[in-house]
Amino acid sequence: MTDDSRPGRPAPVRSAPVLVPMPAERPYTYQVPDGMDVAPGSIVRVPLGPREVAGIVWDSATDPVDPKKLKPISEVFDCPPIDQETRRFVDWIASYTLSAPGMVARMLLRAPAAFDPEPWTEGLRRTDAVPDRMTSARARVLETADDGLAWTRSGLAHAAGVSSTVVDGLRDQGVFETVMIPPRPVVAVPDTGYARSELSADQQAVADALRAAVDNGGPGVTLIDGVTGSGKTEVYFEAVAAALDRNRQALILLPEIALTHAFLERFQDRFGAKPAEWHSDLPPRMRERVWRQVAEGSVRVVAGARSALFLPFQELGLIVVDEEHDPAYKQEDRVPYNARDMAVVRGHIGGFPVVLASATPSIESRVNADQGRYARAVLSARFAEASLPDLRTIDLRRAPPARGGFLSPALLTEMRNTLARQEQSLLFLNRRGYAPLTLCRVCGHRFQCPDCSSWLVEHRFRGQLVCHHCGHHEKRPDACPECGTFDHLVACGPGVERVAEEVVGHFPDARTIVLSSDLLGGVKRLRLELEAIANGEADIVIGTQLVAKGHNFPNMTLVGIVDADLGLANGDPRAAERTFQLLSQVTGRAGRTGKKSLGLLQTYQPDHPVMRAIVSGDAEAFYQREIAERERAGLPPFGRLAGIIVSAATRAEAEGHAWALRRAAPAAADIQVLGPAEAPIALLAGRHRFRLLVHGERRSDMQGFIRALLAAGPKVRGSVRVSVDIDPQSFL
DNA sequence: AGCACGCCGACT
DNA sequence: GTCGGCGTGCTC
């Protein structure tokens, strides 16, 4: 804020830097009209080009701007300002991810209607007056409203079981007076003493350590490493309680899909109230109320997906990142960040502890713990041991499925037994659709995506061929487009739809359900289906990785992994880690009730370290091996080598861009070329057909690359994306 | 990111 | 003759 008024001259224009939700490198300067007060953090409405936008008054000065260009701030919203910690957090993320601060600020301003206070609503309260005549309807209303509290007109009518005209009549006679009711809280205040969990000695020790960390107000990260059923949730609930006891807000981050009814209930069982929810499926009105009430401090605990990190907390005192290894914490588009790492940063800035929890921690968190940057708390499996599933591999070389099928006789036998016991089976296959490749048996033609050259996946339910990279889809033809032969197209390999077909063939009377992310009806439908399964409304579930998370299925005693090798073959240095995490989670779906339960992994590589780790339960050996393997390969345990990945619609196109870049920007020498099948889907989703993905072990390396790239011209500028796989060590 | 301006292909 | 595609440039 400049206010260098000098006597005797016309008052100079007061101005303020404002961060607008746009990819500008610095805040813009706006005129502050006379009589208006703004401070850093104030949320304001400002003119920007042809429209008006919400922006945040910022701390840093801007470059001098021609005073004639300055436009005045239109309005200061009646809203608690964004606190200084959050503003530093925005600057930090912008600098770290090499994105524009305005774009980071945009993530804070995602609830436009919440900048104005929630309106008070009209309510009715009983007066001493008596009605002229008494009727049974009127009597019911009076009885209902006898509590002396304010009721809404329709709420009262509904509660009394009468039409609202009855209430209107009583109001007109003065039996009710109109009062204004403040906005209703979205959730009740949690009570830390509501129902303390019974903790084992192990759990209690970890809970005590977390409570001490919260009480001492010191920053620091604790990795809770505990197998499914070891009580991680109960333990970190005690950390949440500690933060609440100290009058601080708490944030629990969960992968989107894990935010289920079941989790909220579990929280309610401990605290007597639900946490506020925050995820992409929240209705707009609720979204605004949650945002506003977080800003005002009336919401004390939020359970949310990664974007909850950008809620306007005023007194945040703890962040818990559950399932910290989950790739869903990564945002790849726009501002690329990993919410788990940004949570660590937020804790550091705010001077409060952060808890990471997982049954299968990421390698980078394990290394950070091993090297002493994070504290590590291992929860033993003692609680869970009794109900741990019996895990075995099925060697597909020795016991292959019947011709044309994908389920081995051993798995089918166990499914039959499970059905006979009226328990549930889960078949896991991480591939949507019917078949991943379609070819012509006559001429060998393979169906390829015209836009990005990867194989088209047949979706038989929809009668379409779909590209899983760019979303291209076409009707499945009856004749080969190459040789014109009819009825000789053959589907190669299994997808969940095809496995479902096989299951129905074997068990026609079983209730079978397929769950994958292309399920019609979106997240809401999915949550309903998951709850239906938990309630026993299906016998056999066939699902992609979304069945791995979030929900407990109390009657699910058999888990079959249709293709445990899937995902090990690609060149990703994280392939083994990811597969281990995924298979651990899926097999963990079996047996959480103390019933005898079984997990069967169909594989061609029963001796692969991932299979051995899953079957033996020896995760420690697996982690040490993975860490050593990366060191041996010259890869850092975190992220990938610094460098640039050029990705385009086709590999040839990418090679062309890479060639041009090497010439234009010799400093950016370490250029890798990826075809569409190897590059993240997000890269190909945009309008531009190529992207540069800058991966870095060190941020300084990437800055060098990016400077060189920007020098290569504006066409490149629009295509640069910075990877989220940046060295997490530099956070601390 | 939005939005306007501006230049080349198929159509009420 | 126009409608409309997306490439380019600008926003205090």
Side-chain angles (χ1 to χ4, degrees), chain A residues 1-4 12-34 36 38-77 82 87 90-91 93-94 97-113 115 280 284 307 310 331-337 450-451 470-472 648-649 653 656-657 660 664 682-692 709-722:
Chain A
M1 260 76 345
T2 55
D3 192 359
D4 47 345
V13 174
R14 290 191 306 151
S15 66
V18 175
L19 209 48
V20 285
M22 185 198 84
E25 285 304 317
R26 338 196 87 252
Y28 280 179
T29 307
Y30 282 87
Q31 215 186 98
V32 182
D34 287 341
M36 181 185 280
V38 294
S42 299
I43 301 180
V44 292
R45 188 159 52 84
V46 290
L48 180 68
R51 62 193 198 282
E52 292 214 310
V53 296
I56 308 170
V57 176
W58 218 242
D59 312 69
S60 54
T62 56
D63 295 328
V65 190
D66 178 3
K68 284 196 286 293
K69 279 176 83 175
L70 296 193
K71 292 181 183 174
I73 293 172
S74 313
E75 177 192 2
V76 184
F77 287 105
I82 300 297
R87 300 200 303 276
V90 169
D91 279 335
I93 292 183
T97 63
L98 302 160
S99 28
M103 291 306 285
V104 183
R106 191 173 171 269
M107 302 195 290
L108 278 166
L109 301 171
R110 285 273 172 81
F115 310 147
S280 62
S307 58
F310 298 97
Q331 170 150 55
E332 306 259 7
D333 59 343
R334 300 192 177 94
V335 178
Y337 68 92
D451 295 332
C470 67
H472 166 89
E653 200 182 332
H657 290 307
L683 294 183
L684 292 166
R687 277 207 331 219
H688 294 281
R689 300 232 305 173
F690 89 103
R691 285 280 189 272
L692 304 171
L709 286 169
L710 296 186
K715 193 161 181 86
V716 169
R717 178 186 287 263
S719 301
V720 175
R721 288 292 178 273
V722 179

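Note on naming: letters A, B, ... go to the chains in the order of the sequence lines (proteins, then strands), and numbering restarts at 1 for each one. The figures here come from the full heavy-atom set of this structure, side chains too, leaving out hydrogens, waters and symmetry mates.
Going from atom CZ of A:Arg45 over to atom P of C:dT11 covers 21 Å, rounded to whole Å. To the nearest angstrom, P of C:dC10 lies 20 Å from CZ of A:Arg26. Between A:Glu52 atom CD and C:dC12 atom C1' the separation is 14 Å, expressed in whole Å. Remark: P of B:dA1 and CE of A:Met22 are 11 Å apart, rounded to the nearest angstrom. At whole-Å resolution of the value, CD1 in A:Ile56 and P in C:dC12 are 18 Å apart. Straight-line distance from the CE atom of A:Met107 to the C1' atom of B:dA1: 13 Å, rounded to whole Å. Rounded to an integer number of Å, the gap from A:Trp58 CH2 to C:dC12 C1' is 17 Å. In this entry the distance linking CD of A:Glu25 with C1' of C:dC10 reads 15 Å, nearest Å.
Between A:Tyr28 and A:Val46 there is no side-chain heavy-atom pair separated by less than 4.5 Å. Looking at A:Pro27 and A:Pro101, their side chains never come closer than 4.5 Å, going by heavy atoms from C-beta outward. Side-chain contact check for A:Leu48 versus A:Tyr30: some heavy-atom pair is nearer than 4.5 Å. Looking at A:Pro47 and A:Lys71, their side chains come closer than 4.5 Å, going by heavy atoms from C-beta outward.
Contacts of A:Pro21 with the nucleic acid, taken as non-hydrogen atoms under 4.0 Å apart, are absent.
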